[in-house]
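Numbered from 1 within each chain, the chains take letters A, B, ... in sequence-line order.
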2 protein chains.
Amino acid sequence: MPTMTAEQRRAWAKAEFDAYMETCPTSRLMAVLGNKWTTMLLTRLAENGTMRHARLARAVPGISAKVLTQSLRALERDGLVARHVTASVPVQVDYTLTVLGESLMPVVATVRQWADRHMPDVEAARGAYDAARAGDPVPAPARSLG
Amino acid sequence: MPTMTAEQRRAWAKAEFDAYMETCPTSRLMAVLGNKWTTMLLTRLAENGTMRHARLARAVPGISAKVLTQSLRALERDGLVARHVTASVPVQVDYTLTVLGESLMPVVATVRQWADRHMPDVEAARGAYDAARAGDPVPAPARSLG
DNA sequence: CTGTATCCCATACGATACTG
DNA sequence: CAGTATCGTATGGGATACAG
């Protein structure tokens with residue numbers, strides 16, 4: 001018999017992996033920014049200063065209420081967004097970028113600049129790559145976070 | 001009966017969503033960089049110029065052969081990495097950053113700088129947030145992409 | 001050496017319905 | 001208005017085994 005069950009080995013390997021990943025701030029930050037709505041939400045908040053839940057929902061088409069809340073909670077937990085509750089008749093909840101969150105915006109801007117300049121190249125590369133296997137057209141480019 | 005089945009509505013909604021997301025290069029770029037191994041692989045290639053599959057596997061602890069290939073394929077499809085096959089006895093496959101891939105590295109560097117400076121703050125915020133619900137210690141910080 | 005096939009799990013995301 | 005609960009799906013990632 002082996003010294004570990006498959007499950008034990010899995011757990012050990014995962015722990016080892018996590019330990020390594022723990023050592024990489026960049027990967028961890030990318031995991032945050034890589035969430036579908038993160039850059040969009042941060043950008044909207046940076047533009048408007050303070051926004052309520054409903055306004056954010058309107059400002060970000062396609063997001064569901066659940067995921068909006070979930071995303072904002074994650075950003076709050078990360079210290080990027082501050083949540084302020086006003087106990088009025090229907091409660092009012094305001095979201096604002098923290099100082100930490102604001103400090104991240106130049107990074108997002110840098111990412112956006114590259115994206116606006118070069119994502120068409122990426123799309124073209126994808127089109128070319130896929131064309132070498134089937135026949136699929138490529139959609140038109142557009143501005144970021146419009 | 002309704003004009004659409006639930007599945008049709010789902011498909012339509014997804015199409016609408018995709019159409020919107022299609023318009024956001026930043027989100028699309030973040031989706032690429034947000035993949036677990038993307039920044040790590042790009043960084044290793046930027047450091048070493050050209051690397052073989054096995055060397056990359058050694059340079060990136062924790063990644064499985066399957067996911068390494070999968071990740072490299074995605075980067076190749078995106079035009080960020082070039083794959084060159086040398087038909088020797090055991091085939092030799094080399095991976096290199098393309099010009100497009102190299103142009104992305106300053107962006108990654110910007111992200112890394114912020115991460116090295118501020119991820120400890122994020123970790124601290126997480127610790128504080130979680131401490132308000134249970135009792136969980138926070139691990140120590142470390143340098144990026146070491 | 002490089003890559004594929006298979007199976008499995010965790011999680012992000014989304015639809016819907018419901019509460020204070 | 002803001003948020004939660006529940007359910008379902010899609011996908012990324014990983015283990016293992018195998019092939020060119």
Do the side-chain N and O atoms of A/His53 and A/Thr69 include a donor-acceptor pair separated by under 3.5 angstrom? yes
Please state whether the phosphate of D/dC1, meaning OP1 or OP2, lies under 4.0 angstrom from any side-chain nitrogen or oxygen of A/Tyr95. no
Over how many whole Å does the gap from A/Arg73 atom CZ to D/dA2 atom P extend? 12 Å
Could you check how far CG of A/Leu68 sits from P of D/dC1, rounded to whole Å? 13 Å
C/dG3 OP1/OP2 closer than 4.0 Å to side-chain N/O of B/Arg83: yes
Distance below 4.0 Å between A/Arg52 side-chain N/O and D/dC1 OP1 or OP2: no
Which part of the nucleic acid, if any, lies within reach of A/Arg55 when heavy atoms closer than 4.0 Å are counted: base, sugar-phosphate only, or nothing? nothing
Just the rounded figure in Å: distance from C1' of D/dG13 to CH2 of B/Trp37. 9 Å
Between P on C/dT2 and NE2 on B/His53, what's the gap in Å once rounded to a whole number? 7 Å
If you find the nucleotide of DNA chain C closest to A/Ser71 and the one closest to B/Gln92, which residue's nucleotide is nearer the 5' end? B/Gln92
Ionic contact status for A/Arg83 with A/Asp94, cut-off 4.0 Å: no
B/Gln113 side chain reached by A/Val107 side chain, heavy atoms, under 4.5 Å: no
How long is the line joining CG of B/Asn35 and P of D/dT11, in whole Å? 13 Å
Verify the distance criterion only: is there a donor paired with an acceptor across the side chains of B/Thr96 and B/Thr50 at less than 3.5 Å? yes
Whole-Å gap separating P (D/dG3) and CD (A/Gln70): 13 Å
Note: for A/Pro90 and A/Lys66 on DNA chain D, the residue whose nearest nucleotide lies more 5' is A/Pro90
Length of the NE2-P vector between A/His84 and D/dC1, whole Å: 19 Å
How long is the line joining CG of B/Asp94 and C1' of C/dT2, in whole Å? 12 Å
Return yes if some donor-acceptor pair links the side-chain N/O of B/Trp114 with the main-chain N/O of B/Ala109 below 3.5 Å, else return no. no
